[in-house]
Engineer: 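I have a structure I would like to understand better, so I am pasting it below and will then ask my questions one at a time.
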Amino acid sequence: EDQVTQSPEALRLQEGESSSLNCSYTVSGLRGLFWYRQDPGKGPEFLFTLYSAGEEKEKERLKATLTKKESFLHITAPKPEDSATYLCAVPHGGSNYQLIWGAGTKLIIKP
Amino acid sequence: NAGVTQTPKFQVLKTGQSMTLQCAQDMNHNSMYWYRQDPGMGLRLIYYSASEGTTDKGEVPNGYNVSRLNKREFSLRLESAAPSQTSVYFCASTTGTEADTQYFGPGTRLTVL
């Protein structure tokens, strides 16, 4: 069964304290892995797409990496404005249109 | 360029009442989606429309119906609301080529009493 699991559920960091969020997946024939950011009361906002193991993408303090079984979202020297819930998703093995979503990691950065 | 818009933003219904959630996109996207988001769970697909004139069931379609009114608009209808349908509903759209980036609306927070 296709599945996406994110850990931890919540992460509290001090401003400037770097860490990583994990997204592990089981899906046949990975056709991409998506990372999104969701602020309270808003819809998810796209961050990255990764397509193959070894691929990395960066945006400001965020860097996403991909292996054959999981993806990491590394946050370097985070600021309070990085506080949000981070979601990952993968396309369903049998469909171009359906994504399987993780439950998200709620990140809180304290000043 | 408004992107994806949804109305209403908030709604309270009594059990058994009906309502329609509206979604529109101005990005000329082919595919549109309706999700629900519940605490502690990932987004779950209710229905999607791969292109104008087509609709398909997602993971949790029971109790819902959809209409792809035209290329821009995709509505979700609850015929007889139940407390289990209390959730936040998101509409999204994509160009429709492969599994590409989904653009989300701001959501509708629905409470069924």
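Lettering of chains follows the sequences in order, A, B, ..., and the numbering in each one begins at 1.
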Engineer: Is there a path from A:L73 to A:L11 through hydrophobic residues (I, L, V, M, F, W, Y) whose side chains come within less than 4.5 Å of each other?
Structural biologist: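 Same cluster: A:L73 reaches A:L11 through Ile, Leu, Val, Met, Phe, Trp or Tyr contacts under 4.5 Å.
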
Engineer: Would a single hydrophobic cluster contain both A:L66 and A:F72, if residues Ile, Leu, Val, Met, Phe, Trp and Tyr are joined by side-chain heavy-atom contacts under 4.5 Å?
Structural biologist: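 Different clusters.
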
Engineer: Against chain A, label B:L43 side chain, backbone, both or neither, depending on which of its atoms sit under 4.5 Å from a heavy atom there.
Structural biologist: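 For B:L43, backbone and side chain are both near chain A.
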
Engineer: A side-chain contact here means heavy atoms from C-beta on lying under 4.5 Å apart; do B:T101 and A:Y36 qualify?
Structural biologist: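 SC-SC contact between B:T101 and A:Y36 confirmed.
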
Engineer: Is any residue of residues 101-111 of chain A within less than 4.5 Å of chain B by heavy atoms, and which ones?
Structural biologist: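 From residues 101-111 of chain A, the residues near chain B are A:W101, A:G102, A:A103.
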
Engineer: Rounded to the nearest 0.5 Å, how far does OG1 of B:T94 lie from CG of A:L99?
Structural biologist: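 Those atoms lie 9.0 Å apart.
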
Engineer: Do A:L62 and A:L13 belong to the same hydrophobic cluster, where Ile, Leu, Val, Met, Phe, Trp and Tyr are linked whenever their side-chain heavy atoms lie under 4.5 Å apart, directly or via other members?
Structural biologist: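 A:L62 and A:L13: one cluster.
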
Engineer: What is the distance from atom CZ of B:F104 to atom NZ of A:K42, rounded to the nearest 0.5 Å?
Structural biologist: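 Answer rounded to 0.5 Å: 15.5 Å.
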
Engineer: Treat each ILVMFWY residue as a node, draw an edge where side-chain heavy atoms are under 4.5 Å apart, and state whether B:I46 and B:L110 are in one component.
Structural biologist: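 As far as the 4.5 Å side-chain criterion goes, B:L110 and B:I46 are connected within one cluster.
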
Engineer: If we count only N and O atoms by modelled type, under 3.5 Å, do the side chains of A:Q38 and B:Q37 hold a donor and an acceptor together?
Structural biologist: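 B:Q37 and A:Q38 do have a side-chain donor-acceptor pair below 3.5 Å.
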
Engineer: As an exercise, state the distance from NE2 of A:H92 to CD of B:E59, rounded to the nearest 0.5 Å.
Structural biologist: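 Here the rounded value is 8.5 Å.
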
Engineer: Would you confirm whether B:Y103, through its side chain, and A:F46, through its main-chain N or O, come within 3.5 Å as a donor-acceptor pair?
Structural biologist: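 Checked: no pair found.
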
